[in-house]
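First up is the structure itself, then whatever we jot down about it.
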Amino acid sequence: MIQPVILCGGSGTRLWPLSREQMPKQFLRLTSSQSLLQQTLDRLTGLTTSSPIIMGHQAHRFLMAEQLREIGQEARIVLEPEGRNTAPAIACAALLASDAGEDPLLLVLPADHVIGDMHAFQDSVNKAISLAEEGYLVTFGVVPTHPETGYGYIACGEALGNGQKLTAFIEKPNSQRATELIEQGNTLWNSGMFLLRASTYLGQLKRLQPAMLAACQKAVGLAQRDLDFLRLDEQAFCACASDSIDYAVMEHCSNAAVVSLDAQWSDIGSFDALWNIATPDKAGNVTQGDALLEATTDSLVIAEHRLVATLGVKDLIVVETPDSVLVAHRDRAQEVKQLVAALTQAGRSEPQLAPQVHRPWGSFQAIDSGGRHQVKHITVKPGGRLSLQRHHHRAEHWVVVSGTARVTVEERCFLVSENQSTYIPIGALHRLENPGKIPLELIEVQSGAYLGEDDIERLDDVYARQND
């Protein structure tokens with residue numbers, strides 16, 4: 001039996017402004033009606049697997065749970081208090097997978113990849129099983145289609161069953177070096193996917209990184225249940241070194257193997273990668289949303305919120321969201337990460353905050369704001385229930401545009417239907433619920449001296465939240 005381990009903690013900074021800290025790329029619907037996480041889980045269909053373990057950041061716990069609910073997927077969601085890279089995440093998953101005395105093969109998959117040929121992917125997984133059962137730590141190397149500077153490479157050695165001996169990891173090369181690696185013919189792209197037995201990995205970690213293993217054992221041993229989630233112990237996990245499995249283990253062990261993967265794979269690590277996997281029009285353009293292109297070639301244009309028009313340009317990336325617009329040359333797609341770092345350094349909120357903020361009860365999106373007012377569009381799922389709360393600096397006016405709201409204000413509880421409104425004074429204890437069968441849509445107008453999201457005192461919350 002294979003135990004899937006889905007690594008769901010990536011940030012996707014090179015896809016800003018689509019990908020944000022609050023809404024990273026694994027939760028986005030970039031290539032289909034399903035998110036990248038949902039596609040990763042669907043990819044397991046046809047393999048003999050147990051219920052997946054999903055390792056993700058605690059800030060995204062309700063996003064993970066909601067996206068699993070949408071596709072009817074059961075999983076064990078494990079919450080990391082902060083990102084510590086792949087080696088500790090896999091170690092904790094291995095410990096949890098072994099807690100009932102079992103020793104499964106772990107199929108480790110990042111949650112933010114695209115694979116066009118699911119059957120070829122599953123064929124490579126099945127080929128790797130015999131090597132993993134023999135005690136090899138198996139990674140999957142993607143057959144390269146062009147010299148790529150955005151991926152690391154794997155050097156392959158002698159034949160080994162259905163795979164080859166892994167001889168070296170190569171960091172992301174420059175253009176000339178990437179061309180040389182392709183011409184050598186014995187290198188593959190590093191996919192970041194693995195198949196390995198839990199005890200084999202933990203044994204290597206004990207030999208190579210004993211402090212990391214001890215920290216992970218403590219984090220798992222002191223983990224606490226929180227609703228349907230398992231929270232790793234914060235102090236123990238954060239004391240762990242932040243290292244990738246490649247750096248911490250794979251580069252230093254003699255039992256590393258690689259199985260080739262030729263399955264239309266992409267890690268969607270940049271906008272250029274998104275352009276590459278799409279089907280361009282006759283002018284080489286890829287568009288999403290309301291876009292009008294004239295005398296434009298070989299460009300990617302994404303419009304989320306309004307019309308985007310281009311004229312007389314080529315090789316551009318144009319991405320429009322409700323609060324930000326990115327314009328970049330396609331040759332500079334890998335440098336968006338540096339742009340995000342500069343925005344963060346400047347104290348801007350756009351790298352972190354998403355235009356649409358998701359909550360376990362639904363979502364909200366800012367429409368307008370000023371010195372003493374803010375307008376939001378709020379959506380509450382059927383059965384959704386906000387916390388019983390009060391605000392010390394703002395009043396709120398709610399106007400229902402679709403559905404029916406159950407509103408509590410102090411001792412009163414009443415229904416508000418379409419085209420009706422209600423007012424929440426400063427300091428009043430209140431709650432909003434959707435008792436209906438369709439989503440509740442409303443416009444909230446806030447007014448007051450301070451409109452920050454932290455002006456909230458929760459007295460009761462069915463989702464057991466503290467600060468989010």
Side-chain angles (χ1 to χ4, degrees), residues 17 20-23 59 62-63 304-306 320-325 343 346-436 438-468:
R20 312 286 181 102
E21 188 174 301
Q22 282 188 352
M23 189 69 173
F62 295 115
L63 271 173
E304 283 199 336
H305 187 62
R306 72 202 82 195
E320 178 273 336
T321 68
D323 66 342
S324 303
V325 177
L343 289 168
R348 303 285 309 213
S349 63
E350 287 86 354
Q352 290 78 40
L353 303 182
Q356 185 177 32
V357 179
H358 292 263
R359 292 289 186 256
W361 44 261
S363 64
F364 67 84
Q365 183 167 334
I367 299 174
D368 186 33
S369 63
R372 292 182 59 86
H373 80 276
Q374 184 166 246
V375 183
K376 292 181 178 179
H377 176 197
I378 295 177
T379 302
V380 184
K381 298 181 297 186
R385 189 182 193 200
L386 280 69
S387 61
L388 184 65
Q389 58 185 255
R390 63 164 57 97
H391 310 294
H392 299 288
H393 301 286
R394 71 173 186 253
E396 296 175 343
H397 189 174
W398 297 341
V399 182
V400 175
V401 296
S402 178
T404 299
R406 180 186 292 130
V407 177
T408 300
V409 181
E410 296 293 353
E411 303 300 324
R412 298 176 58 219
C413 184
F414 51 95
L415 296 179
V416 181
S417 58
E418 290 183 18
N419 298 319
Q420 294 182 331
S421 64
T422 190
Y423 176 73
I424 313 297
I426 291 177
L429 197 62
H430 62 281
R431 189 198 295 272
L432 175 66
E433 304 173 63
N434 181 1
I438 63 173
L440 166 64
E441 307 276 343
L442 60 87
I443 301 299
E444 176 183 84
V445 181
Q446 303 175 355
S447 59
Y450 179 73
L451 304 173
E453 285 299 313
D454 55 348
D455 177 24
I456 181 171
E457 179 186 353
R458 288 194 177 97
L459 285 80
D460 176 64
D461 183 36
V462 297
Y463 307 108
R465 292 170 296 163
Q466 298 298 318
N467 299 314
D468 58 350

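If you're wondering where the values come from, they're calculated on a predicted model, not measured in any experiment.
Nearest heavy-atom pair, Y463 versus F62, reported as atom, atom and distance to 0.1 Å: O-CZ, 3.6 Å. Annotation for I438 and G403: closest pair CD1-CA, 4.0 Å, computed over non-hydrogen atoms. Taking all atoms of both residues into account, the shortest heavy-atom contact from S363 to Q356 is OG-NE2, 3.1 Å. When every heavy atom of P382 is checked against every heavy atom of G436, the shortest pair comes out as CB-O, 3.4 Å. The minimum heavy-atom distance between L451 and G370, with the atom names listed, is CD1-O, 4.5 Å. Nearest approach of E350 to S324, heavy atoms of both residues: CG-OG, 3.4 Å.
K376 contributes no side-chain N or O that, together with a main-chain N or O of L442, makes up a donor-acceptor pair within less than 3.5 Å. Judged by distance alone, the side chain of D455 and the main-chain N or O of H392 form a donor-acceptor pair under 3.5 Å. At least one donor-acceptor pair closer than 3.5 Å links the side chain of N434 to the backbone N or O of K381.
Between T321 and E304, the side chains place no donor N or O within less than 3.5 Å of an acceptor N or O (distance only, hydrogens not considered). Using modelled atom types, one finds a donor on one side chain and an acceptor on the other under 3.5 Å when comparing T379 with E441. Between the side chains of R431 and T408, no donor N or O sits under 3.5 Å from an acceptor N or O.
Partners of E457 by salt bridge (Lys or Arg N to Asp or Glu O under 4.0 Å), not counting sequence neighbours, listed by chain and number: R390. With sequence neighbours excluded, the residues forming a ring-ring contact (aromatic ring centres under 6.0 Å, His included) with H391 are H430, listed by chain and number. Scanning for side-chain hydrogen bond (donor to acceptor under 3.5 Å, both in side chains) contacts around Q420 gives S417, with sequence neighbours left out. With sequence neighbours excluded, the residues satisfying side-chain hydrogen bond (donor to acceptor under 3.5 Å, both in side chains) with D454 are Y450. Listed by chain and residue number, nothing satisfies the side-chain hydrogen bond (donor to acceptor under 3.5 Å, both in side chains) test with T422 (two or more places apart in sequence, or in another chain). Under the side-chain hydrogen bond (donor to acceptor under 3.5 Å, both in side chains) criterion, Q22 pairs with no residue, sequence neighbours left out.
No side-chain heavy atom of W398 sits under 4.5 Å from any side-chain heavy atom of V416. When side chains are defined from C-beta on, V407 counts as touching L432, because their heavy atoms get closer than 4.5 Å. In this structure, M23 and L63 have side chains that are in contact, with non-hydrogen atoms separated by less than 4.5 Å. Looking at heavy atoms from C-beta onward, V409 lies in side-chain contact with F414 at the 4.5 angstrom threshold. With contacts defined as side-chain heavy-atom distances shorter than 4.5 Å, the pair L429/L459 qualifies.
Separating the NE2 atom in H305 from the CD atom in E320 is a distance of 6.5 Å, to the nearest 0.5 Å. Of the inter-residue distances, the one linking H377 atom NE2 with F364 atom CZ reads 12.5 Å to the nearest 0.5 angstrom. In this structure, the separation between CD on Q389 and CD1 on I456 is 3.5 Å, given to the nearest 0.5 Å. Atom OG of S421 is separated from atom CG of N419 by 10.0 Å, given to the nearest 0.5 angstrom. If you take CD1 on I378 and CD on Q365, they are separated by 11.5 Å, rounding to the nearest 0.5 Å. If you take CG on L415 and CZ on R406, they are separated by 6.5 Å, rounding to the nearest 0.5 Å.
In summary, R20 and D323 engage in a salt bridge, as defined by a charged side-chain N under 4.0 Å from a carboxylate O. Here R412 does not pair with E410 in a salt bridge; the nearest charged N to carboxylate O distance is not below 4.0 Å. The pair D461-R385 does not count as a salt bridge, with every side-chain nitrogen at least 4.0 angstrom from each carboxylate oxygen.
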Test log, rule side-chain contact (heavy atoms from CB on, under 4.5 Å), inputs I443 and V400: CA-CA 6 Å; I443 301 299; V400 175; over 6 Å; no

Residue pair S402, E418: steps toward the side-chain contact (heavy atoms from CB on, under 4.5 Å) verdict: CA-CA 5 Å; S402 178; E418 290 183 18; 4.2 Å; yes

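Heavy-atom contacts from other residues, nucleotides or ligands closer than 6.0 Å to CZ of R348 number 12 or fewer.
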